[in-house]
Amino acid sequence: MKTVAIIPAGGSGRRMGSGIPKQYLLLGGIPVLVHTLQVFQSSPVVDEIFLVVPEGDIPEVRNAIVGRYNLFKVSLIVAGGAERQDSVRNALAHLREEHGIVLVHDGVRSFVSGELIRRVVAAAEADGAVAVGVQVKDSVKEVNSAGWVIKTVTREGLWLTQTPQAFRKPLILAAYERAAADGFCGTDDASLVERMRVPVRMIPGDYDNIKVTTPEDLTLGEAIIRRFLPEKVH
Ligand code: C5P
């Protein structure tokens with residue numbers, strides 16, 4: 001069975017405020033999305049990549065990203081939808097009989113390591129549905145809309161959830177079908193599986209595995225690639 005990685009990069013990047021969608025901004029001279037794709041391209045446990053980008057970007061992405069950087073594992077480029085969940089669903093529609101494990105990873109999380117991808121796929125093979133995350137280190141408070149603290153929430157057992165997330169194919173297909181039937185929109189893929197009352201395993205991720213969302217993240221990202229990227233890509 002083959003393992004396919006779906007990389008949603010179909011967002012318009014409104015929060016960055018630069019006009020250019022965040023997946024195309026340069027980190028160390030290379031687009032954020034290329035950094036991400038190179039890690040999956042280099043991973044021995046990933047057979048194929050389905051890339052999701054805004055519809056109008058498809059020809060440019062095919063030439064200036066997939067072609068230029070020789071990302072030959074990208075076998076499909078599909079158009080994104082209104083929400084991230086719609087973008088992932090557009091890619092799920094192209095899964096084939098031979099696909100066993102489906103990974104989903106945000107195109108803007110460039111600092112994922114090959115080692116983390118390997119662990120996530122192994123955990124999905126064993127347990128069916130896996131998310132990665134990091135334990136909350138700061139104090140967590142519930143605050144009302146006027147800015148006053150209601151209470152401090154115990155952080156024990158609280159995890160900030162990242163991607164990659166990985167699933168056995170029938171499970172993610174059923175979860176997406178159920179969410180569509182119920183009109184449910186989640187912020188990640190695992191939440192769709194959770195609502196079917198199927199257990200999702202959480203495995204430790206990496207505090208560096210940030211999503212490039214704001215201009216400050218680009219500055220932090222430059223520092224992370226200077227420290228770590230060569231070893232992460234290979
Ligand atoms: O917006 P957010 O930070 O949650 O985006 C996470 C990932 O999902 C990004 O790589 C973004 O490009 C992608 N996305 C998408 N389709 C959308 C919105 C976001 O593929 N409609």
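Note: hydrogens, waters and symmetry copies are ignored here, and every other heavy atom, side chains too, is used. Just so you know, ligand 1 is whichever comes first in the structure, and atom 1 is the first atom listed for that ligand.
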Show the atoms of ligand 1 that are less than 4.0 angstrom away from any heavy atom in Ser87. 15 (C), 16 (N), 17 (C), 20 (O), 21 (N)
Which other residues belong to the hydrophobic cluster containing Tyr207, where Ile, Leu, Val, Met, Phe, Trp and Tyr are joined when side-chain heavy atoms lie under 4.5 Å apart, directly or via other members? Val134, Val136, Val140, Val153, Leu158, Leu160
Test applied, side-chain contact (heavy atoms from CB on, under 4.5 Å); reference residue, Val102; option that passes from Asp189, Ile172, Leu173: Ile172
Below 4.0 Å, non-hydrogen atoms only: which portion of Glu83 touches ligand 1? Side chain, backbone, both or neither. backbone
Decide yes or no for Val198 and Phe167: does some side-chain heavy atom of the first lie under 4.5 Å from some side-chain heavy atom of the second? no
If you count the atoms of ligand 1 from 1 in the order shown, which ones are under 4.0 Å from a heavy atom of Pro8? 7 (C), 8 (O), 9 (C), 10 (O), 11 (C), 12 (O), 13 (C), 20 (O)
Out of Asp106, Ile6, Thr163, whose heavy atom is nearest to atom 6 (C) of ligand 1? Asp106
Looking only at distances, please establish whether an N/O atom of ligand 1 is found under 3.5 Å from an N/O atom of Lys22. yes
Under a 3.5 Å cutoff, is there a donor and acceptor pairing between the side chains of Ser87 and Asn90? no
Any chance CD of Glu48 has more than 12 other-residue heavy atoms, nucleotides or ligands included, within less than 6.0 Å? yes
At less than 4.0 angstrom from any non-hydrogen atom of Ala82, what atoms of ligand 1 do you find? 21 (N)
Atoms in ligand 1 flagged as close to Lys211, the criterion being non-hydrogen separation under 4.0 Å: 2 (P), 3 (O), 4 (O)
Would you call the rings of Phe50 and His99 parallel, tilted or perpendicular, where under 30° means parallel and over 60° means perpendicular? perpendicular
Around atom CD of Glu98, are there more than 12 heavy atoms from other residues, nucleotides or ligands closer than 6.0 Å? yes
N/O separation below 3.5 Å, Gly11 to ligand 1: yes
Proximity winner for atom 21 (N) of ligand 1, if only heavy atoms of Gly81, Pro54, Ala79 are counted: Gly81
Taking only non-hydrogen atoms of Val108 and a 4.0 Å limit, the atoms of ligand 1 in range are 9 (C), 10 (O)
Which residues pass the side-chain hydrogen bond (donor to acceptor under 3.5 Å, both in side chains) test with Arg197, sequence neighbours left out? none
Check for me whether Ala9 has a heavy atom closer than 4.0 Å to any atom of ligand 1. yes
Show which atoms of ligand 1 fall inside a sub-4.0 Å distance from at least one heavy-atom site of Gly10. 12 (O), 13 (C), 14 (N), 15 (C), 16 (N), 17 (C), 20 (O)
